[in-house]
Amino acid sequence: MGPFDVVVRNARVVTAADEFTSDIGIRGGRIVALAVELPMGDVEIDAQGRHVTPGGVDSHVHFDQPTGDGSVMADDFLTGTVSAACGGTTTVIPFACQQKGQSLRDAVNDYHGRAAHKPVIDYAFHMIVTDPTPEVLEDELPGLIAEGYTSFKIYMTYDALKLNDREILETLSVARREGAMVMIHAENSDCIAWLTDRLIAAGHTAPRYHATSRPMLVEREATHRAIAFAELVDVPILIVHVSGREAVEQIRWAQSQGLKVYGETCPQYLFLTADSLGCDDSFEGAKCICSPPPRDKKNQQVIWDGLENGSFEVFSSDHAPFRFDGPDGKKAHGSEISFDKIANGIPGVETRMALLWSEGVMTGRITPQSFVALTATNPAKLYGMYPKKGTIAVGADADLVIWDEGQRFSLVNERLHHNVDYTPYEGMSLSAWPAMTLSRGEVVWDGTSPHGSPGRGQFIHCSRPDPARPRRRQSELPL
Ligand code: URP
Ligand code: ZN
Ligand code: ZN
């Protein structure tokens with residue numbers, strides 16, 4: 001037996017800081033050596049001439065999340081993680097969602113049950129806090145944060161999920177005291193409801209009016225409010241799925257004031273526009289209904305700029321998988337239904353990495369280092385799993401993507417492994433895809449087939465993220 005279980009030979013290693021040629025020696029699922037001319041491993045993988053990046057950390061995915069409205073998510077922890085692995089992602093963070101009236105701990109326990117024996121890659125949970133009762137705020141949330149559930153999402157829209165302003169403040173205050181990272185879905189609920197009622201009264205019910213009902217200003221207003229609340233409470237926040245210029249301007253302003261306000265964006269805001277929801281009244285546009293909605297070409301450019309200039313820390317998929325055909329996805333309430341009844345969310349866990357490497361790195365829009373930072377290193381840091389995850393370094397888990405680059409191909413849903421019957425990126429021409437994905441040194445995608453037994457994925461108890469560590473207040477407010 002040699003010193004290494006696996007050696008990845010002659011890799012062009014990319015980290016968030018560097019690019020260098022090295023062999024990667026792996027033992028017991030971890031990287032134990034980075035050097036040239038390492039001794040032979042029990043298994044040798046030739047990466048000659050290929051970029052090798054850290055396995056992706058997709059910190060915003062929805063798998064098997066109860067919706068409560070009759071629609072059902074198409075991917076569970078098996079199909080979702082297989083799909084992730086085939087697209088170069090080796091860690092996912094889906095959401096344990098509290099239903100109003102439910103205990104937060106029950107929501108987390110229920111979600112562990114849903115995950116049991118299924119994941120093929122490693123995973124952690126964010127929580128979604130929808131009912132911040134005194135019991136949740138004083139007991140459950142602090143206890144769960146201490147146990148390694150160190151991030152949670154709150155919503156400013158959707159009746160079943162949203163918190164009012166006072167509840168947001170109370171929840172942020174607990175995050176500050178306990179050192180958790182708060183993700184905020186920032187859209188103004190009343191503006192959306194008001195616009196929706198008017199659109200429907202005027203007979204504008206087709207999927208494309210989803211975009212009309214959620215203009216950029218509703219995102220701008222809520223982002224501004226969320227930032228003001230975070231400033232008042234003196235706590236870091238991350239604004240999720242940012243779609244365009246107006247929210248980006250709010251985030252950049254906050255960052256210029258020295259506030260710890262982080263931004264996340266997603267492929268749909270680079271590659272889709274409001275026209276993807278349809279230019280006529282066809283139901284086909286339901287395939288691209290997500291919130292916030294995709295905007296226009298100019299806003300796509302703003303998002304590209306934000307990826308390179310530091311406005312965004314995280315590039316995640318927001319994989320929210322609903323089938324187009326069938327009784328429980330986009331058509332759960334019928335195909336003649338008005339846009340406000342159509343399940344929100346689109347698939348993307350498998351395509352996230354390749355879309356950004358092909359159209360971002362290979363076109364020169366972003367550097368390979370930015371790619372790694374956005375897809376792996378930054379989310380691992382923000383959610384308390386770095387340096388175990390998110391980098392290529394001695395001691396880190398051997399989560400790696402070996403890239404196949406240069407051959408253009410047309411992306412079609414048949415090549416994907418999710419349980420969704422479409423991809424919003426059907427027919428797109430790409431020039432990169434993972435040739436191989438390793439999760440803790442084990443091949444989980446070999447360029448042709450997925451591997452790895454269900455349940456091999458390990459649950460990660462996260463640390464308190466560095467930016468959210470409890471610290472002394474800047475202001476004198478008695479919080
Ligand atoms: O439309 C979306 N984004 N659906 C997923 C749920 C969420 O708000 O992230
Ligand atoms: Zn959201
Ligand atoms: Zn989401």
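The analysis underlying the following values was restricted to heavy atoms, covering all of them including side chains, and did not include hydrogens, waters or symmetry mates. Numbering of ligands and ligand atoms starts at 1, following listing order.
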Inset, instruction - Among all protein heavy atoms, pick out the one at the shortest distance from atom 6 (C) of ligand 1; state its residue, atom name and that distance to 0.1 Å. - result: His62 NE2, 3.5 Å

Legend entry - N, O or S atom of Val240 closer to the Zn ion (ligand 2) than 2.8 Å: no

Legend entry - Lys/Arg-Asp/Glu bridge criterion (N-O < 4.0 Å) met for Glu147, Arg105: yes

Legend entry - atom 8 (O) of ligand 1 [closest protein heavy-atom partner, distance rounded to 0.1 Å]: His185 ND1, 3.0 Å

Inset, instruction - Pick whichever of Ser316, Ser291, Ala343, Ala320 has a heavy atom sitting closest to atom 1 (O) of ligand 1. - result: Ser291

Inset, instruction - May I ask you to say whether Asp466 pairs ionically with Lys381, meaning some side-chain N is under 4.0 Å from a carboxylate O? - result: no

Inset, instruction - Tell me, please, if His62 has any N/O/S atom, main chain or side chain, under 2.8 Å from the Zn ion (ligand 3)? - result: yes

Legend entry - Residue, atom name and distance, where the atom is the protein heavy atom closest to atom 4 (N) of ligand 1: Asn344 O, 3.3 Å

Inset, instruction - Kindly give the atom name of the N, O or S atom of His185 closest to the Zn ion (ligand 2). - result: ND1

Legend entry - N, O or S of His60 under 2.8 Å from the Zn ion (ligand 3): yes

Inset, instruction - Spell out, as yes or no, whether a donor-acceptor pair under 3.5 Å connects the side chain of Asp76 to the backbone of Thr79. - result: yes

Legend entry - Check: Pro293 main-chain N/O paired with Ser291 side-chain donor or acceptor under 3.5 Å: no

Inset, instruction - Give me the ring orientation class for Phe95 and His126: parallel if the planes are under 30° apart, tilted from 30 to 60°, perpendicular past 60°. - result: tilted

Legend entry - Atoms of ligand 1 close to His241 [distance to a heavy atom under 4.0 angstrom, numbered from 1]: 7 (C), 8 (O), 9 (O)

Inset, instruction - Measure the distance from atom 3 (N) of ligand 1 to every protein heavy atom, then report the residue, atom name and distance (to 0.1 Å) of the closest one. - result: Asp318 OD2, 2.7 Å

Inset, instruction - Step through it carefully: locate the ring centre of Phe339, locate the ring centre of His204, and say whether they are under 6.0 Å apart. - result: no

Inset, instruction - Look at atom NE2 of His224 and say whether more than 12 heavy atoms of other residues, nucleotides or ligands are closer to it than 6.0 Å. - result: no

Legend entry - Nearest-contact summary for atom 9 (O) of ligand 1 - protein heavy atom, Å: Lys153 NZ, 2.9 Å

Inset, instruction - Decide if the gap between the ring center of His241 and the ring center of His185 is smaller than 6.0 angstrom. - result: yes

Legend entry - Name of the Asp318 atom (N/O/S only) found closest to the Zn ion (ligand 3): OD1

